[in-house]
Every structure is written in structure tokens, then in C-alpha cells.
**Student:** 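My questions all concern the structure below.
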Amino acid sequence: MLLGKKRKLGKKMKDIQVGETYSTNAKIEDKDLLLFLGLTDDANPLYIQHDYASQTPFKRPIVPTVMLNGIVTSAISMHLPGPGCHIVEEHLHYPNPVHHYAELDVSLEVTEIDQEKHLVTVKVIALDEEGKEVIKGTLNVCPAYEPESMNAISLENFY
């Protein structure tokens, strides 16, 4: 939990530059997949049943794309631009399936800044451990706004 822990707000518009990048990696574990599927009440056999998936072109269970989307949005909301930002539009493509236990390298890059609309465009590319592109796209993100007062009660957990 974040209560009682001081957190820094993410980058504001004035602090963001075109070409800025952030990279992270994620491993798809059974516990994460089962937790996600349980929370969403998704029982798609392609995601959890090896016997069914083996009879499809995928050959084994795959990770739901919305779970992959969560990895991307988490990297944006926690790192680039970071806490306080809001995704307003996304265009993501999943050219190759992601299988259970995959290790992903996720790269974000700021490609555009629109000061007037208070938006930045972030390009995302994710590769699996074999170097296959598994996520590709762009997101328009509203970075954190400058707070009016750092003494405001609503910011007691931020510095």
C-alpha cells in the first residue's frame, strides 16, 4: 500500500523531452495470470487449458492481451511520465502471441509533445525472449499537472 509512504509525482510537461525513454522487463508467472483471470472472471480456455490450446495454432495457452496492456499502462503510470499521469488514448497491436512464462522487454519512448493539449505521445514496443515483437503501438498521455500547493491535504503522500 502507498498510504503513509511518500511518493514523488511523475514528470510534468516542462520536464519531458522528445526522445526520452524508459525500459523494463516483465515475466509472466502463473500466479499473475491466475490472479488476473480470477479478477476479470475470464475462463477463456485458450488462456488456461493446455489440452484445448494444443489443438489451436498457438499450441499452448497464451496470455490475454488486456493483461499485456496492463504491463504497458503500469510502466507509463509508474515511470514515463509517471505518477499523476492519465492515458487518454491508446493504439496497441499484438503481432505475436505471448505464452505463459514469457519474459518481455518493454520499451517506451516519448515521440511527441503537445503543450497546448497537455499531452505527450509515447511509443511502445515489447519483445519476447526470442526477440519477437509482441506489443507495438502508441499512447497519448496527459502528464501530471503542477499542483497549486504542495501543502494541500490531497498531496500528503507526495513530495
Side-chain angles (χ1 to χ4, degrees), residues 2 7-145:
L2 293 177
R7 292 273 304 151
K8 188 174 185 180
L9 284 174
K11 293 180 179 242
K12 318 312 178 292
M13 285 296 290
K14 66 180 176 56
D15 302 322
I16 301 171
Q17 296 183 12
V18 170
E20 192 166 346
T21 62
Y22 175 78
S23 296
T24 188
N25 37 22
K27 184 168 176 139
I28 309 296
E29 300 282 354
D30 279 341
K31 65 180 177 53
D32 304 317
L33 188 62
L34 292 173
L35 180 62
F36 175 81
L37 293 173
L39 286 171
T40 58
D41 197 26
D42 190 343
N44 184 337
L46 186 57
Y47 301 149
I48 52 177
Q49 293 181 2
H50 291 266
D51 56 342
Y52 172 76
S54 70
Q55 298 174 46
T56 72
F58 301 109
K59 300 296 181 206
R60 53 193 177 160
I62 63 172
V63 177
T65 53
V66 71
M67 186 173 170
L68 299 173
N69 179 281
I71 292 169
V72 171
T73 60
S74 177
I76 287 174
S77 68
M78 297 305 294
H79 301 285
L80 184 64
C85 76
H86 171 64
I87 296 168
V88 297
E89 185 176 8
E90 53 188 63
H91 299 276
L92 297 176
H93 176 64
Y94 306 92
N96 290 293
V98 174
H99 296 280
H100 295 197
Y101 312 112
E103 292 185 39
L104 306 181
D105 289 320
V106 180
S107 299
L108 305 176
E109 179 183 0
V110 176
T111 58
E112 232 178 287
I113 298 173
D114 187 332
Q115 295 283 347
E116 189 175 303
K117 293 182 181 177
H118 195 85
L119 289 175
V120 297
T121 301
V122 179
K123 178 176 89 172
V124 61
I125 293 179
L127 307 175
D128 67 11
E129 64 276 0
E130 296 172 4
K132 290 183 185 172
E133 195 172 71
V134 293
I135 306 171
K136 178 180 183 177
T138 59
L139 297 96
N140 290 332
V141 183
C142 174
Y145 286 94

**Student:** Provide the full list of salt bridge (charged side-chain N to carboxylate O under 4.0 Å, His left out) pairs with a residue in residues 19-40, sequence neighbours left out, each pair given once.
**Tutor:** Lys11-Glu20, Lys27-Glu103
**Student:** What is the distance from atom CG of Leu33 to atom CD1 of Ile48, rounded to the nearest 0.5 Å?
**Tutor:**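 CD1 of Ile48 is found 8.5 Å from CG of Leu33.
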**Student:** Let me confirm one number: the CE-SG distance from Met78 to Cys85, rounded to the nearest 0.5 Å.
**Tutor:** 9.5 Å
**Student:** After noting the C-alpha distance and the side-chain angles of Glu133 and Ile125, does the key distance pass the side-chain contact (heavy atoms from CB on, under 4.5 Å) rule?
**Tutor:** CA-CA 7 Å; Glu133 195 172 71; Ile125 293 179; 3.8 Å; yes
**Student:** Please name the pair of heavy atoms, one in Pro95 and one in Ile135, separated by the smallest distance, quoted to 0.1 Å.
**Tutor:**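 So the minimum-distance heavy-atom pair works out to CD-N, 4.1 Å.
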**Student:** Just by distance, do the side chain of His99 and the backbone of Pro61 share a donor-acceptor pair under 3.5 Å?
**Tutor:** yes
**Student:** Just by modelled atom types, is the Gln115 backbone N or O under 3.5 Å from a matching donor or acceptor in the Lys117 side chain?
**Tutor:** no
**Student:** Can you give me the closest heavy-atom contact between Ile87 and Val141, atom names plus distance?
**Tutor:** CG1-CG2, 4.1 Å
**Student:** Do any N or O atoms from the side chain of Asp42 and from the backbone of Leu37 form a donor-acceptor pair under 3.5 angstrom?
**Tutor:** no
**Student:** Roughly how far, to the nearest 0.5 Å, is NZ of Lys132 from CG of Leu104?
**Tutor:**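 It comes to 13.0 Å.
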**Student:** Taking atom SG of Cys142 and atom NE2 of His86, what is their separation to the nearest 0.5 Å?
**Tutor:** 7.0 Å
**Student:** Ile71 vs Ile28, test: side-chain contact (heavy atoms from CB on, under 4.5 Å). Steps then yes/no.
**Tutor:** CA-CA 10 Å; Ile71 292 169; Ile28 309 296; 3.7 Å; yes
**Student:** Is it true that, when you exclude Glu129 itself, more than 12 heavy atoms of the residues, nucleotides or ligands shown sit nearer than 6.0 Å to its CD?
**Tutor:**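 Result for CD/Glu129: enclosed.
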**Student:** Sequence neighbours excluded, which residues qualify as side-chain hydrogen bond (donor to acceptor under 3.5 Å, both in side chains) partners of Asp128?
**Tutor:**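 Per chain and number, Asp128 pairs via side-chain hydrogen bond (donor to acceptor under 3.5 Å, both in side chains) with no residue.
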**Student:** Considering non-hydrogen atoms only, spot the tightest contact between Gly19 and Glu109 and give its length.
**Tutor:**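 For Gly19 versus Glu109, the nearest heavy atoms are CA-OE2, 3.9 Å.
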**Student:** Would you compute the distance between atom CG of Leu39 and atom CG of Leu34 and round it to the nearest 0.5 angstrom?
**Tutor:**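 If we round to the nearest 0.5 Å, Leu39:CG and Leu34:CG are 11.0 Å apart.
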**Student:** Counting heavy atoms not belonging to Lys12, are there more than 12 under 6.0 Å from its NZ?
**Tutor:** yes
**Student:** If I compare all heavy atoms of Ser23 with all of Ser107, which pair ends up nearest, and what's the gap?
**Tutor:**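 Ser23 and Ser107 have their closest heavy atoms at OG-OG, 3.5 Å.
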**Student:** Checking His79 now: which residues fulfil ring pair (Phe, Tyr, Trp, His ring centres under 6.0 Å) with it, not counting sequence neighbours?
**Tutor:** Tyr22
**Student:** Where is the tightest heavy-atom contact between Ile16 and Ile113, given as atom of each residue plus distance?
**Tutor:**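 For Ile16 versus Ile113, the nearest heavy atoms are O-CD1, 3.3 Å.
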**Student:** If the condition is side-chain hydrogen bond (donor to acceptor under 3.5 Å, both in side chains), which residues does Glu90 pass it with, not counting sequence neighbours?
**Tutor:**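 For Glu90, the residues satisfying side-chain hydrogen bond (donor to acceptor under 3.5 Å, both in side chains) (neighbours in sequence not counted) are Asn69.
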**Student:** If you compare all heavy atoms of Thr138 against all heavy atoms of Leu92, which two are closest, and at what distance to 0.1 Å?
**Tutor:**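 Thr138 and Leu92 have their closest heavy atoms at N-CD2, 4.3 Å.
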**Student:** Does anything in residues 36-64 pair up under ring pair (Phe, Tyr, Trp, His ring centres under 6.0 Å), and if so which pairs, sequence neighbours excluded?
**Tutor:** none
**Student:** Output all residues satisfying side-chain hydrogen bond (donor to acceptor under 3.5 Å, both in side chains) with Ser74, sequence neighbours left out; order by chain, then residue number.
**Tutor:** none
**Student:** Let me confirm one number: the CE-CG distance from Met13 to Leu119, rounded to the nearest 0.5 Å.
**Tutor:** 7.0 Å
